[in-house]
Structure formats: C-alpha cells, structure tokens
Amino acid sequence: MSPRPEEAAMRREVVKRIETVIKDLWPTADVQIFGSFSTGLYLPTSDIDLVVFGKWERPPLQLLEQALRKHNVAEPYSIKVLDKATVPIIKLTDQETEVKVDISFNVETGVKAARFIKEYMKKYSLLPYLILVLKQFLLQRDLNEVFTGGISSYSLILMAISFLQLHPRIDARRADENLGMLLIEFFELYGRNFNYLKTGIRIKNGGAYIAKEEIMKVMTNGYRPSMLCIEDPLLPGNDVGRSSYGAMQVKQVFDYAYIVLSHAVSPLARSYPNRDSESTLGRIIKVTQEVIDYRAWIKKKWGSKVNLSPELDNRLKIRDQVAPCNGEQQQNRDSEPSYNQRLALSLASTQQLSSGSSASSVSSLSGSDIDSDTPPCTAPNVYQFSLQAPTQLMASLPPALPMPSGKPQSAPTRTLIMAASNQV
C-alpha cells in the first residue's frame, strides 16, 4: 500500500486545481500541504490536507466554498463548511479523482507537525514501513479517525516514534532490522504491556514514559490526561490523545494482532492447514477489491504523468521531502521491495527463524494485560532468537507470498503483498 508515483501525480493535480481557485480569489495567498501527503505516509484512500495563509480577520470559509462550487472542483454535495469546529475547515471531495480534501486557514500547527515527522523519518528509516502497515491495519477496522472511536494518524506516528526511541534493543533502530519482528513487538507493547492508566508518552529529549501526574502539572485549562496520553512535542501542555475516547478499542485490536502474528511465526504454524494459502501479514490485513480497482484506474490514467514540471515539484516540495526518509529503497522503485513487501518478507523470515528457536514469541502469550497496580510501563519482551534472516534465507524467499486463491502475484506489478482473505 505504499504510495506510487502516479498516485502522487494525481494528488498534485488535485492540489493544483484547488490552488488555482484560491489564487483567483486571493493572489497573494500561500497554499501549503501538510499531513500524510506532505510526509509521504498516505494510503490510497487518504485525504489531502491544505492550509491557506493570508490576511483575514476571520477565515473566509463561505467565500471559498462559493468559488469551489462555481468552478465545479468538488462533487456537488460533498462540500461542507465546518465553521463551528475547533479548527474551522472546508471538506470536499474532488470531482475527478474522488480524493477527499480538508482546507483550513492560517493554522501553522499542521505544517510544523509534518516537518517534525519528516525529521524523525530521516532519523528512523524504519518508521515509514511501520506507519503504513499500522495505518492500513486501523483503517480496515474503522479505528483510524478520532470521531469513529479510533486514534489520529499523528497519535499513531508519535506512538511509533516512542516505540523506536525506547526500544530495549539498540539494533532495533538499524535500517536492516527485521521489520516483521518490530511489528510484533509494537503490537505487544501497546496491546499488552503499556500501562494506559498511569503512563503518558513523551517524545522530546530522547523520549520517556512519564507518570500522568507529572504531565497533569503542565496541562492547560484544567485538562486531565486522557487514557491515551501523549505529550505534544510541539505544543507544551497539549495532550495529543485527548479526544481519543476509543483508545481501549485500539489497544484490544493491537493485542489481537500480537496473538495472531505470534502464532503465525511459531513452530506450530508449519502444521496450520492454511499456511500455504495466505501470507503471514495477510492474517491481520486485507486490501479490498475496490481499492485494488481504484489504484489500477489511477495507474492507467496518471501513469504517463508521473514526471511533472520542475516548477510544480519545487513549489509543492513533495518529492524532495519524502525522498530522504526512504533512503536507498527509493533509488529503484521497480526493483526494490516496497514498504509492505519488505515487511512481508521480514515476517516470513521471522517464521522460519522461530521454528529453530528455543524461545519463541508464543511463550509470552499467557501473560495478561497490566493492571493499575503495576509500574508505569513494562518494556516489550526481548526475543532470544536472531531477528535478521541470513542472506541465503532471504534469497530463497519468493518475490511475493501467495494470495487466497493460491495464485502468486508478482510484486513489482502491483503492491498486493498485504492482501489476504476477507476473514480478519
């Protein structure tokens, strides 16, 4: 599900159309992209976040709404003005591409957050791999939005950054670390070991787990720390997880994923009747046929438009911002594994390595969730077997794991390595 060049090209066209309308109204306005499109951590169905900077006493929401309707940029009934929201925005769906867009005015926090995330993507080259898989995992369970009872993408990214910052193994932050094992350990930490009742997450100054009582001392407006308490690294006193009322549902599905993947890489997995009909990652993640068809349509229509003008590339600053986080993996996109392909291979190597191990991840399945009387947080188990597959083993793995039909898919032609049966 990693972004493709043609998908980026399509999204740039959407931005260009909206920016043209905005510039017609206010020639000196500055339109900037933030959110997942800015960082490159977007799924095929992710929306685009735009912010318009200019000199207005109040956000001119209705004026822009009328202009967008006049130019037929959006689907007729998709434009909504949320002027009572904490951050007033215009929501719309692009008429040509069906991409959803959120437009705000003079809000700098989103741009700063995108810049902050990209700095950590450079620091932890594994971060994008984890985030894209985790976002898809939550998306298919309707837990990827706060208003549906889930958590925000920003909260998820900060949880992943904290996970890498405080991981007990130093080599967990290496670029060649086994991604499958890291994913299992992430699910173990936030599905089993993290004490949501007493502990908050801090990113700044190298990261730390902080007692909620300490965080409450610096919170503004009398707010108390939420169940998923994440100290905002950019806005002291703000709890990023404050609105995530369904955080415990997220904890439960993380625990579920930990159990499923731990069993899948255990020695017992060799005897599973369906071991040859689905990938390891496919046990917890699926890609709908609708998304597959949508991506195919995008490739057909925008495949020849991937090389945009240098002026547009430089102005939007998407390609340059995304490239550093991917390192060498982006040098040859057709020949190198995508985020999901590399993670699937890592899970496959984890399964084969664990079969010869004296201590596998299944040994910790008997543990229960931490109760309120335990210390603030317990680090994830450190597994005893080697976490990186030998070169010979990686070379022997197939280019793509089989789909539910039993027919292998060629990974370079379509990124379906995350696809699985509809049973989740």
* To do: Nearest 0.5 Å please: distance from the CZ atom of R11 over to the OH atom of Y42.
  => 6.0 Å
* Check whether any side-chain N or O of E7 sits under 3.5 Å from a backbone N or O of R4 as a donor-acceptor pair, and report yes or no. => yes
* Asked: Less than 4.5 Å apart, any side-chain heavy atom of Y154 and any of L234?
  -> yes
* Structure fact -> CG of L138 to CD of Q249, rounded to nearest 0.5 Å, is 11.0 Å
* Asked: Side chains of T148 and D142: is there a donor and an acceptor less than 3.5 Å apart?
  -> no
* Answer yes when E96 and R17 have at least one side-chain N-carboxylate O distance shorter than 4.0 Å, and no when they do not. => yes
* Are the side chain of Q140 and the backbone N or O of K135 linked by a donor-acceptor pair below 3.5 Å? -> no
* Over all atoms of both residues, closest heavy-atom pair of L166 and G207 -> CD2-O, 3.5 Å
* Charged N-O contact under 4.0 Å between K299 and E6 -> no
* **Within-4.5 Å side-chain heavy-atom neighbours: Y209 and F194** => yes
* Asked: In Å, rounded to the nearest 0.5 Å, how long is the span from OG1 of T280 to NE2 of H263?
  -> 14.0 Å
* Are side-chain heavy atoms of E19 and K23 found at a separation under 4.5 Å? -> yes
* Count the heavy atoms of every other residue, nucleotide or ligand shown that sit under 6.0 Å from CD of E98, and state whether that count exceeds 12. => no
* Among side-chain atoms of S36 and T39, is any donor-acceptor pair under 3.5 angstrom? -> no
* Spacing of CD belonging to E13 relative to CE belonging to M10, to within rounding of 0.5 Å -> 9.0 Å
* Does the side chain of Y245 reach to within under 4.5 Å of the side chain of F147, using non-hydrogen atoms? -> no
* To do: Considering only NZ, NE, NH1 and NH2 on the basic side and carboxylate oxygens on the acidic side, decide whether E185 and R169 come within less than 4.0 Å.
  => yes
* To do: Would you please test L197 and M227 for side-chain contact (heavy atoms from CB on, under 4.5 Å) and show each step?
  => CA-CA 6 Å; L197 293 177; M227 183 62 74; 3.6 Å; yes
* **Shortest non-hydrogen contact between L132 and L43, atoms and distance** => O-CD2, 3.8 Å
* Asked: Hey, is the main chain of E75 close enough, under 3.5 Å, to the side chain of S78 for a donor-acceptor pair?
  -> yes
* Please check if any side-chain donor atom of S38 sits under 3.5 Å from a side-chain acceptor atom of K118, or the reverse. => yes
* **Rounded distance (nearest 0.5 Å) linking atom CD1 of I103 with atom CG of L82** => 11.5 Å
* N106 side-chain N/O to G54 backbone N/O, donor-acceptor pair under 3.5 Å -> yes
* To do: Determine whether P88 and F105 make a side-chain contact, defined as any pair of heavy atoms from C-beta on separated by less than 4.5 Å.
  => no
* Structure fact -> Residues L158 and I203: closest non-hydrogen pair is O-CD1, 3.3 Å
* Asked: Heavy-atom distance under 4.5 Å between the side chains of E65 and L92, does that happen here?
  -> no
* **Residue pair T199 / K212, side-chain heavy-atom distance below 4.5 Å** => no
* To do: Say whether, by atom type as modelled, one donor and one acceptor occur between the side chain of D94 and the main chain of V14 under 3.5 angstrom.
  => no
* Structure fact -> Nearest heavy-atom approach of Y124 to L164 is CB-CD1, 3.8 Å
* To do: Please name the pair of heavy atoms, one in S104 and one in I89, separated by the smallest distance, quoted to 0.1 Å.
  => CB-CG2, 3.8 Å
* To do: Begin from the C-alpha positions of W26 and L63 and carry the test side-chain contact (heavy atoms from CB on, under 4.5 Å) through to its verdict.
  => CA-CA 11 Å; W26 308 289; L63 189 57; 3.6 Å; yes
* Does a salt bridge link E108 with K112, judged by any charged N lying under 4.0 Å from a carboxylate O? -> yes
* **Atom pair CG (L68) and CD1 (I90), whose distance is rounded to the nearest 0.5 Å** => 6.0 Å
* To do: Taking T288 for its side chain and V291 for its backbone only, find out whether a donor-acceptor pair lies under 3.5 Å.
  => yes
* Of all the heavy-atom pairs spanning L228 and A247, show the shortest one and how long it is. => CB-CB, 3.7 Å
* Asked: Any side-chain heavy atom of I284 within less than 4.5 Å of one from F187?
  -> yes
* Asked: Is the Y256 to F254 ring centre distance short of 6.0 Å?
  -> no
* Asked: Is a side-chain N or O of S262 found less than 3.5 angstrom from the main chain of Y258, in a donor-acceptor match?
  -> yes
* Let me see the working for I292 and V287 under side-chain contact (heavy atoms from CB on, under 4.5 Å), right down to the final yes or no. => CA-CA 7 Å; I292 294 171; V287 181; 3.9 Å; yes
* Between S244 and G246, is there a donor-acceptor pair closer than 3.5 Å when you use the side chain of the first and the backbone of the second? -> no
* To do: Not counting sequence neighbours, which residues clear side chain to side chain donor-acceptor pair (under 3.5 Å) with K80? List them please.
  => none
* To do: Give a yes or no on whether the backbone of Y190 and the side-chain of Y196 come within a donor-acceptor separation of less than 3.5 Å.
  => yes
* Test log, rule side-chain contact (heavy atoms from CB on, under 4.5 Å), inputs I18 and L50 -> CA-CA 9 Å; I18 296 174; L50 300 178; 4.0 Å; yes
* Using the six-membered ring of F137, assess whether NZ or CZ of R141 lies under 6.0 Å from its centre and within 45 degrees of the ring axis. => yes
* Asked: Under the 3.5 angstrom rule, does the side chain of S226 hit a backbone N or O of G241 as a donor-acceptor pair?
  -> yes
